[in-house]
S.K.: 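The structure's right below; bear with me while I get my questions together.
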There are 2 protein chains.
Amino acid sequence: MNNAFGLHIRRARLARRAEDKRFSLRQVATRVGIQPGYLSRIETGDTPPPSEATITALSRDLGENEDVTLALAGKVSQELRAVIVKRPELFGELLRQLAEMPDHAVLRVVREVRDGEW
Amino acid sequence: MNNAFGLHIRRARLARRAEDKRFSLRQVATRVGIQPGYLSRIETGDTPPPSEATITALSRDLGENEDVTLALAGKVSQELRAVIVKRPELFGELLRQLAEMPDHAVLRVVREVRDGEW
DNA sequence: TCATTTGTTTAGTGTTTACTAAACATGTGA
DNA sequence: TCACATGTTTAGTAAACACTAAACAAATGA
């Protein structure tokens with residue numbers, strides 16, 4: 001299997017566990033509301049990534065970026081999908097335009113939109 | 001049920017059927033590779049919208065915009081999701097910024113990106 | 001040392017997704 | 001009129017999804 005997702009979760013959890021023993025696999029699993037055995041299989045890549053709700057709960061517990069963590073599972077949040085679904089022509093065209101551009105160009109758009117008076 | 005999707009397909013199909021008999025429910029279903037009974041249930045809203053692949057095939061056969069048709073099913077294409085998944089922080093922030101802006105503002109960004117030298 | 005905690009493994013389950021197959025009643029054209 | 005096409009309805013299903021339950025061996029720590 002590919003397992004970028006599981007490795008990401010494990011790495012993040014072990015990093016936090018170094019400072020805080022409340023980040024054992026079992027305790028994290030309990031807090032996010034899944035069985036320890038399931039989280040184990042997720043981290044080892046023995047099972048595919050869990051649902052969006054569980055990924056979000058994991059990200060929050062571990063203090064990781066939700067968009068990034070979801071992306072490692074090949075997913076986009078319902079929140080972002082809803083933004084596109086409301087205006088599909090507009091955002092469809094925009095995303096296809098930006099898809100081929102380098103990071104710095106996209107970042108410039110992000111900053112202009114954030115800072116500019118639109 | 002809500003059935004914006006089914007009505008959209010039926011309206012599009014009947015519009016084309018007015019000029020071309022090849023747009024009967026049965027013939028469309030055959031061309032896109034599903035059973036007539038299934039397409040009937042889709043159009044009446046008796047069953048939820050089909051898979052992305054089937055929606056795409058339907059959109060193409062009927063000459064409808066794929067992003068719009070998918071959106072009526074509450075979906076975003078794999079193609080657009082992949083754009084976000086490749087750079088989730090960048091596009092996550094951008095989409096959240098633009099989510100609250102009126103159409104004309106988003107359109108201005110689209111045009112600037114398309115026409116400008118980035 | 002021995003009770004506890006840890007991570008792992010195996011087997012099984014309810015739900016949802018995305019349809020097919022087949023029969024049906026109604027309508028149309030030759 | 002009657003063969004054929006149309007849209008509809010009912011019942012069923014294979015595969016994927018998203019887990020749980022329970023038992024296990026290894027490490028920890030009092």
Side-chain angles (χ1 to χ4, degrees), chain A residues 1-3 5-59 61-62 69-70 72-78 81, chain B residues 1-3 5-59 61-62 69-70 72-78 81:
Chain A
M1 263 193 222
N2 184 359
N3 206 17
F5 179 79
L7 292 174
H8 174 72
I9 296 295
R10 173 149 291 183
R11 183 200 53 66
R13 186 176 60 75
L14 293 181
R16 301 222 46 183
R17 199 193 62 168
E19 318 256 285
D20 187 342
K21 46 183 60 184
R22 293 175 59 258
F23 286 88
S24 75
L25 184 149
R26 272 171 185 273
Q27 293 195 41
V28 169
T30 300
R31 280 197 301 275
V32 307
I34 59 175
Q35 296 296 315
Y38 187 35
L39 180 51
S40 174
R41 295 197 317 276
I42 288 167
E43 288 192 357
T44 60
D46 248 35
T47 201
S51 66
E52 180 182 333
T54 295
I55 293 174
T56 299
L58 275 171
S59 297
D61 194 81
L62 299 175
T69 310
L70 280 164
L72 289 167
K75 295 178 200 272
V76 173
S77 69
Q78 174 56 43
R81 289 191 332 259
Chain B
M1 266 192 219
N2 185 0
N3 207 18
F5 179 79
L7 292 175
H8 174 72
I9 295 294
R10 172 147 294 183
R11 183 199 52 66
R13 185 177 61 75
L14 293 181
R16 301 223 44 186
R17 191 185 160 3
E19 317 257 285
D20 188 342
K21 302 190 168 294
R22 295 174 57 259
F23 287 87
S24 76
L25 184 148
R26 271 170 184 271
Q27 294 195 40
V28 169
T30 300
R31 281 197 301 275
V32 307
I34 59 175
Q35 295 296 314
Y38 186 35
L39 180 52
S40 174
R41 296 199 314 278
I42 288 167
E43 288 193 357
T44 59
D46 247 35
T47 201
S51 66
E52 180 182 334
T54 296
I55 293 174
T56 299
L58 276 170
S59 298
D61 194 81
L62 299 175
T69 310
L70 280 165
L72 288 168
K75 296 179 200 273
V76 173
S77 70
Q78 174 56 41
R81 286 186 342 254

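Labels below follow one simple rule: chain letters A, B, ... track the order of the sequence lines, proteins then strands, and each chain is numbered from 1.
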S.K.: Contact class for B/Glu43 (heavy atom, under 4.0 Å): base, sugar-phosphate, or nothing?
M.R.: nothing
S.K.: Within this structure, what is the CZ-to-C1' distance between A/Arg10 and C/dT6, rounded to whole angstrom?
M.R.: 11 Å
S.K.: Tell me: NZ of A/Lys21 to P of C/dG7, nearest whole Å?
M.R.: 12 Å
S.K.: A/Arg22 CZ to C/dT6 C1': how many Å, rounded?
M.R.: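 My rounded result for the distance is 16 Å.
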S.K.: Between C/dT6 atom P and A/Leu14 atom CG, what is the distance in whole Å?
M.R.: 13 Å
S.K.: For nucleotides 9-11 of chain D, give me every protein contact, N/O to N/O, under 3.5 Å, one pair per line with atom names.
M.R.:
{"unit_1": "D/dT10", "atom_1": "O4", "unit_2": "B/Arg41", "atom_2": "NH1", "d": "3.1"}

S.K.: Measure the distance from CD1 on A/Ile34 to P on C/dT8 and round it to the nearest whole Å.
M.R.: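 Spelled out: CD1 on A/Ile34 to P on C/dT8 is 13 Å.
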S.K.: With a 4.0 Å cutoff (strictly under), does any side-chain N or O of A/Arg26 reach OP1 or OP2 of C/dT8?
M.R.: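 Answer is no, no contact under 4.0 Å.
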S.K.: Could you check whether any side-chain N or O of A/Glu52 sits under 3.5 Å from a backbone N or O of A/Gln78, counting only pairs where one atom can act as donor and the other as acceptor?
M.R.: yes
S.K.: For B/Glu43, is there any backbone N or O sitting under 3.5 Å from a side-chain donor or acceptor partner on B/Asn3?
M.R.: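 Yes: the side chain of B/Asn3 pairs with the backbone of B/Glu43.
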S.K.: How many angstroms lie between atom CD1 of B/Ile42 and atom CZ of B/Arg10, to the nearest 0.5 angstrom?
M.R.: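 Answer for the CD1-CZ pair, B/Ile42 versus B/Arg10, is 11.0 Å.
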S.K.: Any donor-acceptor pair under 3.5 Å linking the side chain of B/Arg13 with the backbone of B/Leu62?
M.R.: no
S.K.: Look at all strands and tell whether A/Gln27 reaches a base, only sugar-phosphate, or nothing, counting heavy atoms closer than 4.0 Å.
M.R.: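 Answer is sugar-phosphate: A/Gln27 comes under 4.0 Å of backbone atoms only.
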S.K.: Quick check for you: among C/dC19, C/dT8, D/dG7, whose closest atom lies nearest to any side-chain atom of B/Ser51?
M.R.: C/dC19
S.K.: Of all heavy-atom pairs between B/His8 and B/Thr69, which one has the smallest distance, and what is that distance?
M.R.: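 For B/His8 versus B/Thr69, the nearest heavy atoms are NE2-OG1, 3.4 Å.
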S.K.: To the nearest angstrom, how far is B/Phe23 atom CZ from D/dG7 atom P?
M.R.: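 After rounding, the gap between these two atoms is 13 Å.
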S.K.: Hey, is the main chain of A/Pro36 close enough, under 3.5 Å, to the side chain of A/Ser40 for a donor-acceptor pair?
M.R.: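 A pair under 3.5 Å: no.
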S.K.: Measuring to OP1 and OP2 of D/dA5, would you say a side-chain N or O of B/Ser24 lies under 4.0 angstrom away?
M.R.: no
S.K.: Roughly, in whole Å, what's the span from CD1 in A/Ile9 to P in C/dG7?
M.R.: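 That distance rounds to 14 Å.
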S.K.: Within the pair A/Thr47 and D/dC19, is there a side-chain N or O less than 4.0 Å away from OP1 or OP2?
M.R.: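 Negative; the distance criterion is not met.
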S.K.: When you measure from the side chain of A/Arg81 to the backbone N and O of A/Val76, does any donor-acceptor pair fall under 3.5 Å?
M.R.: yes
S.K.: Starting from P on D/dA18, measure out to CD on A/Gln35 and report it in whole angstrom.
M.R.: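 Whole-Å distance recorded here is 17 Å.
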